[in-house]
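Numbering of ligands and ligand atoms starts at 1, following listing order. Bear in mind that the values here come from a model prediction, so they are computed numbers and not experimental data.
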Amino acid sequence: MTYPTFPKDCTSMLCKHLSPELFETLKDKETANGFTLEQVINSGLKNSDSEIGVYAGDEDSYEVFAPLFDKVIEAYHGFSQSDKHHSNLNADELKINGLDEGYILSTRIRVGRNVKDMPLGSAVSKEQRNEIEERVSSALNALEGELEGEYYALLGMSKNVQERLIKEHFLFKDGDRFLEYAGLNRDWPHGRGIYHNHDKTFLVWLNEEDQLRIISMQKGGDVLEVFSRLVLAMQKIEEKVPFAYSDRLGYISSCPTNLGTAMRASVHIKLPNLGENMEQFKTITEKYFLQIRGVNGEHTKSEEGIFDISNLRRLGITEVEAVQDMIDGVASLIEAEKALAEVVK
Ligand code: ARG
């Protein structure tokens with residue numbers, strides 16, 4: 001492989017940070033599972049509109065290709081090579097402060113997890129993926145109380161179930177081009193599936209971008225309840241299926257944006273006036289390290305002034321701090337929205 005040519009208007013972290021010199025040092029390296037630089041950068045090369053553009057194939061990728069990953073990690077999370085990740089799941093430390101919950105349509109917090117001693121999704125074999133599905137779905141099927149529910153494998157899923165899950169916005173997208181070129185859609189739909197509890201407030205995606213995406217969500221703005229349910233679920237699953245965790249980088253994920261807590265805490269919220277004042281909107285989201293997305297997930301646009309607002313940083317801060325970023329930032333957005341609505345009146 002020779003040094004790739006990036007389009008002139010490319011702004012991804014890959015094209016920013018992969019210099020010809022760095023490329024030369026890394027181009028013949030390989031992880032213990034045989035994951036190569038070519039595989040690390042393929043998604044970003046094929047999708048030149050990527051924001052990041054790199055994926056890991058295993059925990060070892062973050063070591064072997066550290067000169068590239070560390071640059072991306074530092075730029076995205078503000079986490080330097082000498083930093084160490086710490087966890088804190090104590091919900092009692094969350095401060096709701098002045099958050100006006102009535103303004104919030106729904107709240108969702110997810111974490112990404114991958115199975116210890118397995119390659120990540122972009123390097124896993126079909127047999128390993130099936131084994132992961134088997135191990136995780138049995139752990140899920142043993143959950144009790146509020147978390148009790150059912151696992152639906154994508155393979156052989158009936159039209160009825162599929163339509164219901166799509167309608168409820170539970171089913172993940174297939175054919176995502178970023179995942180496709182990262183090798184994360186191989187053998188689709190084998191090994192993929194969705195678990196949800198009876199109340200539909202707790203969901204697990206299997207073998208999508210990460211081997212597990214553990215999701216807690218509900219209508220309204222009770223962030224504490226959503227967080228507490230997620231923590232319980234994470235702990236219950238990990239009792240049966242240990243997760244890949246590194247002392248320095250925390251929970252290991254396919255995409256470097258998800259390392260550490262691997263946590264994205266988000267709300268859907270109607271902010272029509274701020275939506276018309278994007279500059280003010282972005283000043284607030286930048287101050288609180290928040291990301292703005294459309295309501296139909298990543299890479300989608302906002303509809304009817306409804307936005308998905310979430311924490312941006314996931315590594316080098318604790319779970320409690322990640323959720324606190326979201327709470328404080330959203331409280332500030334609501335105040336600004338109220339003030340703008342007064343002016344419009
Ligand atoms: N690889 C995609 C990009 O660079 C997604 C990056 C972050 N999102 C994610 N789902 N991992 O734009």
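Each of the following atoms of ligand 1 lies closer than 4.0 Å to a heavy atom of E51: 3 (C), 4 (O), 12 (O).
Remark: the D58 side chain and the S61 side chain contain an N/O donor-acceptor pair separated by less than 3.5 Å. In this structure, a donor-acceptor pair under 3.5 Å is absent between the side chains of E209 and Y55.
Among protein heavy atoms, atom 5 (C) of ligand 1 sits closest to Y55 OH, 3.8 Å. In this structure, atom 8 (N) of ligand 1 lies nearest to the protein heavy atom E298 OE2, 2.6 Å. Protein heavy atom at the shortest distance from atom 4 (O) of ligand 1 is I52 N, 2.7 Å. Looking at atom 11 (N) of ligand 1, its nearest protein heavy atom turns out to be E209 OE2, 2.7 Å.
Ion pairing between D222 and R229 fails under the 4.0 Å rule for side-chain N and carboxylate O.
When the options R293, R108, R264, R110 are evaluated for a salt bridge (Lys or Arg N to Asp or Glu O under 4.0 Å) with D308, the one that passes is R264. Of the options T201, L232, V226, V111, a side chain to side chain contact (heavy atoms under 4.5 Å, CB included) to S216 is made by V226 and by none of the others.
Cation-pi check for R164 over Y152 is met; the charged atom lies under 6.0 angstrom from the ring centroid and within 45 degrees of its normal.
Taking only nitrogen or oxygen atoms, main chain and side chain alike, G53 reaches within less than 3.5 Å of ligand 1. Geometrically, ligand 1 and C255 share no nitrogen or oxygen pair separated by less than 3.5 Å.
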